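The structure appears below as structure tokens.
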Amino acid sequence: MVNIVEQPEGHEGQGFFATSMDKAIGLARANSLWPLPFATSCCGIEFMATMSANYDLARFGSERLSFTPRQCDLLMVMGTISKKLGPVLKQVYDQMAEPKWVLSVGACACTGGIFDTYSVLQGIDKIIPVDVYVPGCPPRPEQIIEGLMKIQELAKNESLRRRNSDEYQKMLESYNIETTK
Amino acid sequence: MDSAMMLEKLVLILVILAITLVVALYLTFGERKIAAFFQDRLGPNRVGPFGLFQPFADGGKLIFKEEIIPKNAEKWLFILGPGVAMIVATITSAVIPWGTSIELFGRTIALQVADINIGVLYIVGIVSVGVYGIMIGGWASNNKYSLYGAIRASAQMISYELSMGLSLIAVIMMSGTLSLNEIVSQQPSWHWNILYQPLGFLLFFVSALAECNRAPFDMAECETELIGGYHTEYSSMKLGFYLFSEYINMFISCAVISCIYLGGYNFPGMNYITDPTWLGLTQVAVMFAKILFLVFVFMWIRWTLPRFRYDQLMRLGWKSMIPLALVNLVITGLVIGIMKF
Amino acid sequence: MENSTLQDITSSIESKFPDCTISTDNYGMTNIVCSRESIIDLVGHLKDDLGFGFLTDICGAHYPLIENQEFQVVYHLHNLYKNIRLRLKVNLATVDLAIPTMVALFPAANWMERETFDFYGIQFEGHPDLRRILNMDDMDYHPLRKEYALEDETRSDKKDSFFGR
Amino acid sequence: MSELKINQNGQLTSLDTVDGEIATLNLGPTHPATHGIFQNILKVDGERIISAEPTVGYIHRAFEKLAERRPYQQVTPITDRLNYCSSPINNMGWHMTVEKLIGAEIPKRVDYMRVIVMELARIADHLVCNSVIGVDTGALTGFTYVFQEREKIYDLFEEICGARLTTNVGRIGGFDRDFSPVFLQKLDKFLKEFHIIFDDFTNLLERNRIFMDRVIGAGPITGERALSYGFTGPNLRAAGVDYDVRVINPYCSYQDFEFDVPIGKDGDTYDRFLVRQEEIRQSLRIIHQAKDNIPAGNYHGDVPSFFLPPKEEVYRSMEALIYHFKITMGETPIPAGEVYHSVEGANGELGYYLVSDGGRTPYRLHFRRPCFIYYQAYPEMIKGSVLSDAILTMSSMNVIAGELDA
């Protein structure tokens, strides 16, 4: 019987030991997701509840809110996004530094919710790419936390080079977002 | 200066630098935990035991984040800003006496990098350079909010440095020296300067809060008004440097306060320890205990008090602190005169 | 006149503004229908002489089936001294959708009139800043008119048959 | 350059003399202090605000058009999202409007139950507003304290209707179920424990020197101006006008309860803060009275064409089945007519102007949103003050974007 020894991880592909590096940085990113709360309406109040003592988003290392897009990793879109606000949201997404994730909280942000009206954008995924959708009108804080944990999963398992891949660039281009390349 | 001495100083510098960085790293974590404690929360607890590796997660993330330099920013100054802030923050520690000395490999090693005879002046000078980091960064960002932060920070620094300096002069008059080491060694056991200069201590403490841009004087950052203040446009490790330098500044300020007013490494009953190495190490521990206590007070204030308005801050600086510091100076002078008489 | 009762108020209005029709509905609210020429004088009279110092609300309404009175502007006034509420209505025709503004009397009317303009396209003559307020500036219709659909007409992702439309 | 006149609050009194470079500062739409989405374009001279130009409508959701397409009971969820910090008040206000239109007789017990729920909502709303003033001055800690209390109020709402924030509580005609014993227990516990954390919060801010320096004299408005700008609610009362819909037009048996209407003097941020603090205490007083004197009786009025029959009935009796079908399909007879009904929302007079043509949906429903009306005074209130004051003024006015933009 011949056993074929598998090559050690990281021996080929993106570079020596790149995968372990990927993992370490993925872990770091996952546990230090600084959110930008783009809170427009009801869900924003539930987000405040999530931030405060009973639910405490800080446990995941996510309590450092910053309202400047440059410093955030996670864009949390909470509440109705109207057509008037759409360009603003897109600009905020544009201004964020890579890697960035988007969490769409609440029915309104995901699909427009009960507001199927002339003034409301029917889901923010029309203008920016979304990573995780949290349903609910508004979602309970537990749900928001679960959404965050799903983002953590994504961040953990993301390759360091994903953001440079053609696939990613194409995806951004499909949203008419200027790419850095 | 022989080569062994050079080596010794180099090692000491590296050790102090490393300790400063690690302490600053953990101060960010401590701040979050203490904030959580004051707010009935848990604080970060997912990374490692009790969340102890949280700072490394933050650091790792920041290093691998995209650098953005805004199109209209002044590129070189934009990069220079955080660098200045970081360098200035780290070099202040050179004149802090961490202990008297320890004996290692048959040599007596002084626990101070440089015992320059104008240590106090050096600190005051370096701290004033510190504001350049904020000013340059805020100005170069080409963002109005950053500019507001920078302007507020520089005006605040100028006015609070005056009262800081004036309250320092009273101490210098008492001790008759500008060397930090000398000032510390003049406060043996429990004869700390805070007992002779309570008002001076208070003024210096408040000024230190203002110099570090800590609440209630965090005008430069002021996240509910100016979004991020001077570092609004910064991302990645440049932001990391700014945040980091803030914590190093806090650490060093507390070290200076404990040197000047709380007797530095002195503690009651230290004459009973005879072994010089043990004495040195205990002194370092005592020094750190004092510093960490002061840091805790800094954070306590941060999470309890609201912040001042810009003009109120200036009014406090110019109309209350400076006159009080002058009064303190006059009283000190009179007392010294009477004692000599 | 601040102590006047509803009776005094109605008689005062009737004598001064004969073209107004005053009625009381089943819910105890006094409705006054007047013309757009007299509305400003009427509100001025109510405010200055009869103590109606609080403008509760201005809104529009669209009645496409009533000819020549397709639009209505409804004002709610409140006399805080005597706690009397009044509802004033002005009917307007589609061909001539204009009514004088009330901003000079009540600063509060500013945004309410802008909202009414935004929703119904009613022109408030003399308004200092008559722009759209809630909708986008480049919107080309007045959405609360009955002929326009609630939903966005350009949307493509939702199939009407799923929603019973 | 002639001399600037600055009063003792550090505010510029004469603006004609400003001479210098004027910058434009864009405050919003996603500025942290806006708490919701609206924009102010400020003209500033240094930190001094020379003029402000607010832009609203960033979350305009077309409530009024939406309400024209929905049967009466389905309008309730829309009202939830008006002032989402205190949705039960909006729900109840809408229910009462429809009850007024159809002339329904409502039992006293329902009134008392409604009062309890509405006052709880008022407490929740004022807690958010006051703690957010704290956050905007930089004191975040009080905010997390009061949110623990808010969670308890959420718990109570969950016990009544199953939802936390957008409650959709009650039905036209009353409630869908009676208060459960667990609810009453939890209410007792809440009333007993509320003051502990509330006192903490009060101690943290109310007499804090820095806080007082910050908020006294920030964004003042006189009673007269406030009235002409259509202010209502705590903001008007802070300016010294004792107008409260609960007192002047008592709905829902508010005349049975004894409570004070707190008023301020200067109409500045501190007065608004204090008025809200005092209103929280008065609300507690009302809840105590309502809880102790709650009369026996049915938990809903006799409005079979609006109040869904219990599910067991639907399975057994023909009449209930028919009503159930008609209500669910929105085919209930409604008299034609128009009503205006207003309740004292957490922000002020929340009015519903309802025109019915007898059809299944409202023909026209207009919400008098207090925020929308008083926010237009904002430029006048911050003119001549500094940037920090402008931000505090905004948060102390408690502008809720959902209500503002409808």
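Because the structure is a prediction, the values reported are computed rather than measured. Per chain, numbering begins at 1; letters A, B, ... match sequence-line order.
For the pair C/Lys146 and D/Tyr363, the cation sits on the ring face: its NZ or CZ lies under 6.0 Å from the ring centre, inside 45° of the axis.
Using a 4.5 Å cut-off between heavy atoms, D/Thr232 contacts chain C through its side chain alone, with no backbone atom that close. Contact annotation for C/His62: only backbone heavy atoms (N, CA, C, O) come within less than 4.5 Å of a heavy atom of chain D. D/Ile59 does not touch chain C: none of its heavy atoms, backbone or side chain, sits under 4.5 Å away. For C/Leu105, no part sits under 4.5 Å from any heavy atom of chain D, backbone or side chain. D/Ile373 touches chain C through its side chain: at least one heavy atom from C-beta onward sits under 4.5 Å away, while N, CA, C and O do not. Using a 4.5 Å cut-off between heavy atoms, D/Tyr340 touches chain C through backbone and side chain atoms alike. Contacts between C/Asn26 and chain D at a heavy-atom distance below 4.5 Å are absent for every atom of the residue. Of the two parts of C/Arg145, only the backbone, made up of N, CA, C and O, holds a non-hydrogen atom closer than 4.5 Å to a non-hydrogen atom of chain D. Contacts between C/Arg131 and chain D at a heavy-atom distance below 4.5 Å involve the side chain alone, from C-beta outward. Heavy-atom distances place no part of D/Arg61 under 4.5 Å from chain C, backbone and side chain included.
Ring centroid separation for the pair C/Tyr27 and D/His341 does not come in under the 6.0 Å cut-off. Between D/Tyr229 and C/Phe106, the ring centre distance reaches or exceeds 6.0 Å.
The choice from C/Asp25, C/Leu55, C/Asn110 that makes the most heavy-atom pairs within less than 4.5 Å of chain D is C/Asn110. Highest contact tally toward chain D, considering only C/Ala109, C/Pro143, C/Gly53, is held by C/Pro143 [criterion: heavy-atom pairs under 4.5 Å]. Ranking D/Leu227, D/Ile248, D/Val241 against chain C, the residue ahead of the rest is D/Ile248, based on heavy-atom pairs under 4.5 Å.
Looking only at side-chain heavy atoms (C-beta outward), D/Asn249 and C/Arg85 come within less than 4.5 Å of each other. Side-chain atoms of D/His366 and C/Thr116, non-hydrogen and from C-beta on, never get closer than 4.5 Å to each other. Considering only heavy atoms from C-beta on, D/Asp357 stays 4.5 Å or farther from C/Tyr63 through its side chain. The side-chain heavy atoms of C/Glu115 and D/Glu64, taken from C-beta on, include a pair separated by under 4.5 Å. Put simply, the side chain of D/Arg368 does not reach to within 4.5 Å of the side chain of C/Cys59, judged on heavy atoms. Residues C/Trp111 and D/Tyr375 meet the side-chain proximity criterion, which asks for heavy atoms closer than 4.5 Å.
Closest heavy-atom contact between C/Pro107 and D/Ser228: CD-O, 3.4 Å.
With hydrogens and angles disregarded, a donor-acceptor distance shorter than 3.5 Å links the side chain of D/Lys65 to the backbone of C/Tyr148. One N or O on the side chain of D/Arg364 and one on the backbone of C/Gly60 form a donor-acceptor pair closer than 3.5 Å.
Annotation: the span from C/His78 atom NE2 to D/Ser342 atom OG amounts to 7.5 Å, rounded to 0.5 Å. Considering CZ of D/Phe372 and CG of C/Leu134, their distance stands at 5.5 Å, rounded to 0.5 Å. Rounding to the nearest 0.5 Å places CD of D/Gln376 at 6.5 Å from CE of C/Met112. Note that NE2 of D/His60 is 9.5 Å distant from CZ of C/Arg132, once rounded to the nearest 0.5 Å.
Residues in residues 30-44 of chain C take part in these salt bridge (charged side-chain N to carboxylate O under 4.0 Å, His left out) pairs, two or more places apart or across chains: C/Arg36-C/Asp96.
Residues of residues 345-355 of chain D placed with any heavy atom under 4.5 Å of a heavy atom in chain C are listed by number as D/Glu349, D/Tyr353, D/Val355.
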Would C/Arg87 and D/Glu338 satisfy side-chain contact (heavy atoms from CB on, under 4.5 Å), going step by step from the backbone distance to the final call? CA-CA 11 Å; C/Arg87 186 183 295 139; D/Glu338 47 193 297; 3.4 Å; yes
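Other residues, nucleotides and ligands contribute only 12 or fewer heavy atoms inside 6.0 Å of the CD atom of D/Glu105.
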